[in-house]
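Worksheet: one structure, shown below.
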Amino acid sequence: MKKWTKLESTYLYKTPFGNLRSDKCKLPNGNIIENYYVSEFSNWVNAVVLTDDMKVVLVKQYRHAGDDFFLEIPAGIIEADETPEEGILREVREETGYISNTVPIKLGEFYVNPSTQNNKVITYLIKNAIKGYDQDLDENEDIEIVLMDFIEMGKAIKNNKIKTQLFTASAYYMVKDFLSTK
């Protein structure tokens with residue numbers, strides 16, 4: 001196997017949220033793909049946030065592309081001057097007001113969709129969370145905080161009552177596996 005050769009790139013647009021570029025690529029067999037579209041995004045962080053009594057701190061918000069309200073784990077982008085750990089702690093505090101004196105436990109780092117996106121999501125577990133602050137939302141955010149028992153969250157995922165993005169479901173199962181080995 002050999003990598004593709006990028007012959008040229010053209011940006012179709014650039015925004016603070018992400019960029020879209022079109023690459024002209026030569027495959028190892030000689031075929032040319034004229035327009036291979038790549039979405040460029042910053043890396044993301046997310047976390048399963050657990051209270052002492054095993055409640056998961058979830059956020060409920062409207063997602064326009066899905067045209068519905070979704071229950072999710074707190075998440076966001078890593079800012080330029082932050083480590084991933086600093087980014088997730090900031091996102092959790094802003095979206096939920098929850099904080100913890102424990103160090104976030106990194107559960108994994110995965111490409112989001114390497115066929116069309118260049119970014120990764122880094123997933124954490126934050127334990128012993130307490131409500132320490134009010135939410136500090138961006139002007140375009142409208143987020144409701146929902147506490148759900150950890151076991152009930154697993155049932156809600158299986159029964160499609162949490163009809164959310166893949167990251168919330170995969171993070172739940174990573175935490176479940178992590179906790180079962182402790």
Side-chain angles (χ1 to χ4, degrees), residues 1-49 56 58-92 94-95 104-126 138 140-141 143 153-154 156-178 181:
M1 270 190 171
K2 293 182 181 176
K3 288 185 172 185
W4 296 5
T5 303
K6 183 168 45 171
L7 301 174
E8 57 187 69
S9 281
T10 305
Y11 281 94
L12 303 175
Y13 64 82
K14 291 185 175 186
T15 74
F17 299 104
N19 307 323
L20 180 65
R21 73 171 201 256
S22 174
D23 292 344
K24 181 176 182 180
C25 299
K26 182 177 181 181
L27 280 59
N29 66 4
N31 287 348
I32 301 289
I33 298 176
E34 292 291 333
N35 290 299
Y36 194 93
Y37 297 104
V38 177
S39 297
E40 298 178 340
F41 295 106
S42 297
N43 287 337
W44 303 334
V45 286
N46 64 19
V48 173
V49 180
V56 182
L58 297 169
V59 293
K60 183 178 181 180
Q61 56 190 319
Y62 177 75
R63 295 298 196 183
H64 182 68
D67 192 31
D68 206 348
F69 293 90
F70 293 86
L71 270 177
E72 308 169 352
I73 58 176
I77 65 166
I78 303 167
E79 309 247 335
D81 61 341
E82 294 178 316
T83 66
E85 293 83 5
E86 291 168 337
I88 192 55
L89 291 172
R90 176 189 47 77
E91 285 290 343
V92 169
E94 287 175 359
E95 290 184 0
I105 300 164
K106 184 177 176 182
L107 298 174
E109 183 173 322
F110 309 95
Y111 276 93
V112 175
N113 181 358
S115 65
T116 60
Q117 291 176 229
N118 70 333
N119 66 318
K120 295 178 183 179
V121 62
I122 305 164
T123 300
Y124 291 93
L125 167 61
I126 298 175
D138 295 338
N140 294 324
E141 290 180 311
I143 296 174
M153 182 179 172
I157 290 170
K158 285 182 183 177
N159 295 328
N160 203 32
K161 290 191 171 135
I162 293 182
K163 54 182 187 298
T164 189
Q165 27 91 331
L166 179 61
F167 308 122
T168 293
S170 65
Y172 171 83
Y173 289 109
M174 284 189 282
V175 169
K176 185 176 178 185
D177 182 61
F178 177 85
T181 60

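Because the structure is predicted, anything quoted here is derived from the model rather than measured.
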Subject >> Under the salt bridge (charged side-chain N to carboxylate O under 4.0 Å, His left out) test, residues paired with Glu85 that sit two or more places apart >> reply: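 Not a single residue meets the salt bridge (charged side-chain N to carboxylate O under 4.0 Å, His left out) criterion with Glu85.
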Got a second to check how far [X]'s [atom1] is from [Y]'s [atom2], nearest 0.5 Å?
| X | Y | atom1 | atom2 | result |
| --- | --- | --- | --- | --- |
| Asn29 | Trp4 | CG | CH2 | 10.0 Å |
| Ile105 | Phe178 | CD1 | CZ | 4.0 Å |
| Asn19 | Glu40 | CG | CD | 5.0 Å |
| Ile33 | Lys26 | CD1 | NZ | 13.0 Å |
| Lys120 | Trp44 | NZ | CH2 | 14.0 Å |
| Glu91 | Ile77 | CD | CD1 | 7.5 Å |

Subject >> Asn43 side-chain N/O to Asn119 backbone N/O, donor-acceptor pair under 3.5 Å >> reply: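 Looks like no, no N/O pair under 3.5 Å.
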Original post:
Would a distance-only check, ignoring hydrogens and angles, find a side-chain to backbone donor-acceptor pair under 3.5 Å from Asp23 to Asn35?
Top reply: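 A pair under 3.5 Å: no.
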Is there a side-chain contact between [X] and [Y], using heavy atoms and a 4.5 Å cut-off?
| X | Y | answer |
| --- | --- | --- |
| Ser170 | Thr123 | no |
| Arg63 | Glu72 | yes |
| Phe70 | Thr168 | no |
| Phe167 | Val112 | yes |

To check you understand the geometry: which heavy-atom pair defines the closest contact between [X] and [Y], and what is its length?
| X | Y | value |
| --- | --- | --- |
| Ile73 | Leu58 | CG2-CD2, 4.0 Å |
| Arg21 | Ser9 | NE-OG, 3.8 Å |
| Tyr36 | Cys25 | CB-SG, 4.3 Å |
| Tyr124 | Ile88 | CD1-CG2, 3.8 Å |
| Ala75 | Asn46 | CB-CB, 3.6 Å |
| Glu109 | Ile122 | CG-CG1, 3.7 Å |

Original post:
Any chance the side chains of Tyr62 and Asp67 put a donor and an acceptor closer than 3.5 Å?
Top reply: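 Result is yes, a qualifying pair exists.
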Original post:
So with a 6.0 Å cut-off around OH of Tyr111, is the heavy-atom count from everything else above 12?
Top reply: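 No - once you tally the heavy atoms of other residues, nucleotides and ligands closer than 6.0 Å, there are 12 at most.
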Original post:
Taking everything shown except Tyr11 itself, do over 12 heavy atoms lie less than 6.0 Å from its OH?
Top reply: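 Correct, the count exceeds 12.
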Original post:
Does the distance from a Lys or Arg side-chain N to an Asp or Glu carboxylate O, for Glu86 and Arg90, drop under 4.0 Å?
Top reply: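 The answer is no: the pair does not qualify as a salt bridge.
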**OP:** Verify side chain to side chain contact (heavy atoms under 4.5 Å, CB included) between Asp177 and Leu107, making sure each step is shown before the conclusion.
**Re:** CA-CA 10 Å; Asp177 182 61; Leu107 298 174; over 6 Å; no
Original post:
Which residues satisfy the side chain to side chain contact (heavy atoms under 4.5 Å, CB included) test with Asn140, sequence neighbours excluded?
Top reply: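 By the side chain to side chain contact (heavy atoms under 4.5 Å, CB included) rule, Asn140 matches no residue at all.
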Original post:
Given Leu71 and Lys161, is the side chain to side chain contact (heavy atoms under 4.5 Å, CB included) satisfied, shown in steps?
Top reply: CA-CA 9 Å; Leu71 270 177; Lys161 290 191 171 135; over 6 Å; no
**OP:** Give the C-alpha distance, both sets of side-chain angles, the deciding distance and a yes or no for side chain to side chain contact (heavy atoms under 4.5 Å, CB included) between Tyr37 and Leu20.
**Re:** CA-CA 7 Å; Tyr37 297 104; Leu20 180 65; 4.1 Å; yes
**OP:** Evaluate side chain to side chain contact (heavy atoms under 4.5 Å, CB included) for Tyr172 paired with Val56, printing each intermediate quantity in order.
**Re:** CA-CA 10 Å; Tyr172 171 83; Val56 182; 5.6 Å; no
